[in-house]
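Chain naming here is simple, since letters A, B, ... match the order of the sequence lines and numbering starts at 1 in each.
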Amino acid sequence: MSDSRPIRVRFAPSPTGNLHIGGARTALFNWAFARKMGGSFILRIEDTDRERNSQESLDSILNSLRWLGLDWDEGPEVGGDFGPYSQSERSECYSSAATKGLEEGWLYRCFCSPERIQKLKEEKLAAKENPHYDRCCRALCREESSLRSESGESFVLRFSVPDDEEIIIADHVRGEVKFHSSQVEDWVAVRSTGMPTYNFVCALDDAAMEISHVIRGEEHLVNTPKQVLMSRALGLQEPDFVHVPLILGQDGKKLSKRTGDTAVGDYKEKGYPPEALFNFLSLLGFSIDDETTIFGSEKLVSAFELSRINSSGAIFDTDKLAWICGDYIRACSAEALTERLLPFIKRAGFQVEEGEEEWLLRVVASYQERIGLYSDFPEMASWLFEGSVEVDKKAAKALRADGAAAVLMEIVKRLEAESNFPPQEFDSWIKSLSEELEIGMGNLMKPIRARLAGTLGGPPVGEMMALLGKEKTLARLQAT
RNA sequence: GGCCCCAUCGUCUAGUCUGGCCUAGGACACCAGGUUUUCAUCCUGGCAACAGGGGUUCAAAUCCCCUUGGGGUCACCA
């Protein structure tokens, strides 16, 4: 299974949408393996489906990959010696292989109409048989086949699957997986449009690009025999296979849009730190040991082993992701966190004036352990950016409490009498005030919080006052 | 339904290959305490799993078989 050729792995997305969480994890494993082994990580664009490709999708996938910190050694935008890296640009390769296949007989023209195929499948299904193509056109002689194609009749090229052959896939995570060729359909290798299909092109490109290990999702396991058969027909060297377990939604089924956000871009928009998503994804179907859960890319690379990839599916646990995010946010420096927060602050429409950098840093620091996501920040700290305060339910209740108004008036008076703002040793200052006025701490602090921020949570009250400044603090405390 | 894959706390997992150190470890979540003016953080403790049944063996979470359960896949998508 292993040989000494250079390690070359690839991630091969098709540009028909955004980068999916599952795809990202696959890319991550490929990347980690390449980096660990000192090999190459190649990005190949599988754009043989003209109908659904789009440049926007490609851009978005590339951006998501970069956002996660995954860089590629060969592929779009960086080139390489095994290009082109978009399948739409490799047609010569494919057509020469197709010609060869036709000559050698492992490909044949099929003139059956889509209607006939459709009907055939329905009948077979009704009879509870495998709905495979009946190989009708395989019996056509060469002369008739060429004649009909020359006369302009539409056809596809099918792969002529051997009758009785054992196909053993040596998979790094699953061991030997056996298939029998009788279970494999004479699949379409080249469409009637002349465009080749995935299975045809995949084996060809993997060989042409000298891919040593195909690391991909388990959903590909069942069409691996088709690719192996291709390799055999062409005498190509087969790559090693590594089928990683699926990422499942909360319902235990393959993660899909129904169960939540599936695009990496969604997580970026929602303010997840990329390092946290990276970390979390690394933990799905893989583990370093029995206790390491928080780690970055360097650690992953040094610890990565194919043998540590799990074989069973993993549910995408958003609670754990949230916890990891919080952990990253807390561990971050206030400066770096501020940098990350800036786009979210701007998006919320808040202005940070020149000269306020220090202040912003302090605001961020005071919220650092309180936010779970970058996007939590603008909402939680809005009272510092906006002129008016929106009072929530609990805060309103605190303001309606007996004596609240009187307490606030008293506080204002005391604050004005102090030479420092906020009073030094605020904690003891307020505590002694509470004792002197014989008012519980809660009854003292809640109305202040309510007036200042409109909510009962947030940083320590002294810090809130410092952040707001004397003028605004007094104004808000006296608001009606 | 055919074929293929999988099976340890609710979840992610360690342990499985190379049986004994496992009265099964960690983390998330949850619950209970503690710290705290609030929120959050943090600390302590608790709950909680080898799917079932047969073998093999002195010994099985670990090896084999069956059952059950879950998933994937059956396109001129990738």
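Here B:A59 sits opposite no nucleotide as a Watson-Crick or G-U wobble pair (both hydrogen-bonding atom distances under 3.5 Å). In this structure B:C74 sits in a base pair with B:G1, meeting the Watson-Crick or G-U test at under 3.5 Å. Here B:A7 sits opposite B:U68 as a Watson-Crick or G-U wobble pair (both hydrogen-bonding atom distances under 3.5 Å).
Counting any heavy atom pair closer than 4.0 Å across all strands shown, A:Pro460 reaches a base atom. Counting non-hydrogen atoms under 4.0 angstrom, A:Arg52 reaches a base of the nucleic acid. At the heavy-atom level, A:Asn223 lies under 4.0 Å from base atoms of the strands shown. Within the 4.0 angstrom heavy-atom criterion, base atoms lie near A:Arg449. A:Phe179 comes within 4.0 angstrom of sugar-phosphate atoms only, judged by non-hydrogen atoms across all strands, and of no base. Backbone-only contact: A:Lys178 has heavy atoms under 4.0 Å from sugar-phosphate atoms and none from a base. At a threshold of 4.0 angstrom between heavy atoms, the contacts of A:Val156 include nucleobase atoms, whether or not backbone atoms are also involved. Across all strands, A:Leu456 comes closer than 4.0 Å to base atoms (heavy-atom distances).
Atom CG of A:Leu284 is separated from atom C1' of B:A27 by 14 Å (rounded to the nearest Å).
Residue A:Asp319 places its side chain closer to B:A29 than to any other of B:A29, B:U11, B:A27. With B:C12, B:C74, B:C5 as the candidates, the nucleotide lying closest to the side chain of A:Pro131 is B:C74. The side chain of A:Ser311 lies closest to B:C6 when the candidates are B:C6, B:U13, B:G26.
Between A:Arg362 and A:Glu463 there is a salt bridge, with a side-chain nitrogen of the basic residue lying less than 4.0 Å from a carboxylate oxygen of the acidic one. Checked for salt-bridge contact, A:Lys119 and A:Glu115 miss the test: no charged N lies under 4.0 Å from a carboxylate O.
Relative ring orientation between A:Phe159 and A:Trp106 is described as tilted, the plane-to-plane angle lying within the 30° to 60° band.
Nucleotides B:A51 and B:U62 place their P atoms 8 Å apart, quoted to the nearest Å. B:U68 and B:A60: their P atoms are spaced 26 Å apart (whole Å). The C1' atoms of B:G15 and B:A7 are separated by 15 Å, rounded to the nearest whole Å.
Mapping A:Gln183 and A:Met445 onto RNA chain B by nearest heavy atom places A:Gln183 closer to the 5' end of the strand. Taking for each of A:Ile371 and A:Met441 the nucleotide of RNA chain B with the nearest heavy atom, the 5'-most of the two is the partner of A:Met441.
If you take CG on A:Leu477 and CG on A:Leu468, they are separated by 9.0 Å, rounding to the nearest 0.5 Å.
Checked against the 6.0 Å centroid threshold, A:Phe41 and A:Phe33 do not count as a close aromatic pair.
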